[in-house]
Amino acid sequence: MKIKETPLKDCYIIEPTIFEDDRGYFFEKYNEKKFEELTGMNGHFVQDNISKSSYGVLRGLHLQKGEHAQAKLVSCLEGKVFDVAVDLREYSSTFGKWFGVELTPENKFQLYVPRGFGHGFSVLSETAVFSYKCDNFYNKESEGSIIWNDPYLNIDWKLPGEAIILSEKDKILPKFSEQNF
C-alpha cells in the first residue's frame, strides 16, 4: 500500500499494491497496522456503509461533529465518482480548502477523510457503488452539512448543473459562512 499526500493536511489517497496474473488480481484493501504506520492516524474503523447511486447524484457535503465526528476511508466499488473532502478544522493550515479525486474500481484508490472534514461525492458513471469505512458510529444529532454549490468553496463537481440530482435534504443545506465548526 502506498500513501499519497493531498493538498489537505491529514487527508490521504491510499493506492494499493496489486498482484495480477492470468487469473485476475489480488490486493490488500486495508491493513490497520500499515495504515497507522504510514499516516500516523488512527485507523480503527467500526462501521461500514455502502450506497448505490445513478449518474448525476451528488451526496454531500456532510460531516459528523463533536464526540461523534467520523474519519472515513472511502472507495468506489462499481462505476466512477468524483470524491470531495473539505477541511473544516478551524485550527488547520488548510481550513476551508477542498480536494477532489476520481475513485474507480480500475484505479482502486481510496481516500482517507479525517475527522473534522466535510465529505461528498458526485456520480460520473451510469451507476456507482460507493463504500465508506467509518471510525465512529453515526449519530443523527451530530450531523453537520454545507450546501454543495457554496460560492466560497467553489467546488467543481465534474457534472453539468442540469445533471445534478440532490436529495430534498441536500437542496437546503447552509452555506460555509453560516457554520460554526
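Only heavy atoms go into these numbers, but all of them, side chains included; no hydrogens, no water, no symmetry mates. This one's a predicted model, so the numbers in the text were calculated from it and none came from an experiment.
In this structure, Pro174 and Gln179 have side chains that are in contact, with non-hydrogen atoms separated by less than 4.5 Å. A 4.5 Å side-chain heavy-atom check between Trp148 and Asp170 finds every atom pair outside the cut-off. Tyr30 has its side chain out of reach of Ser75: every pair of non-hydrogen atoms, C-beta onward, lies at least 4.5 Å apart. The shortest distance between side-chain heavy atoms of Val86 and Ile155 falls below 4.5 Å. Trp98 places none of its side-chain heavy atoms less than 4.5 Å from the side chain of Leu61.
Listed here is the closest heavy atom pair of Ala85 and Phe117: CB-CD2, 3.9 Å. Considering every non-hydrogen atom in both Leu88 and Gly118, the closest pair reads CD1-N, 3.5 Å. For the residue pair Asp83 and His119, the shortest heavy atom distance occurs at OD1-NE2, 2.7 Å.
For Phe176 and Phe95, the ring centers are positioned less than 6.0 Å apart.
One distance of note links CG of Leu173 with CG of Asp150; it measures 10.5 Å at 0.5 Å rounding. Atom CD in Gln47 sits 10.0 Å away from atom OH in Tyr138 (nearest 0.5 Å). Atoms CZ and CG, on Phe26 and Asp21 in that order, are 12.0 Å from each other to the nearest 0.5 Å.
The existence of a salt bridge linking Glu102 and Lys158 is excluded, since no basic side-chain nitrogen approaches an acidic carboxylate oxygen closer than 4.0 Å. A salt bridge links Arg115 and Asp135; the closest N-O separation between the charged side-chain nitrogens and carboxylate oxygens is under 4.0 Å. Salt-bridge annotation for Glu37 and Lys34: absent, with no side-chain N of the basic residue lying under 4.0 Å from a carboxylate O of the acidic one.
Heavy atoms of other residues, nucleotides or ligands lying less than 6.0 angstrom from NZ of Lys108 number more than 12. For CD of Glu5, the number of neighbouring non-hydrogen atoms (other residues, nucleotides, ligands) closer than 6.0 Å is 12 at most. Ile50 CD1: more than 12 foreign heavy atoms inside a 6.0 Å radius.
Hydrophobic cluster membership for Tyr25: Ile18, Phe27 (Ile, Leu, Val, Met, Phe, Trp, Tyr linked by side-chain heavy atoms under 4.5 Å, directly or transitively).
Of the possible donor and acceptor atoms, none in the side chain of Gln110 sits under 3.5 Å from a partner among the backbone N and O of Leu103. Glu15 contributes no side-chain N or O that, together with a main-chain N or O of Lys2, makes up a donor-acceptor pair within less than 3.5 Å. Within the 3.5 Å criterion, the main-chain N or O of Lys9 finds a donor-acceptor partner in the side chain of Arg89.
Side-chain contact annotation: Ser145 with Lys169, donor-acceptor N/O pair under 3.5 Å absent.
For residues 122-132, every residue pair satisfying the side chain to side chain donor-acceptor pair (under 3.5 Å) rule, not counting sequence neighbours, is listed here: Glu78-Thr127.
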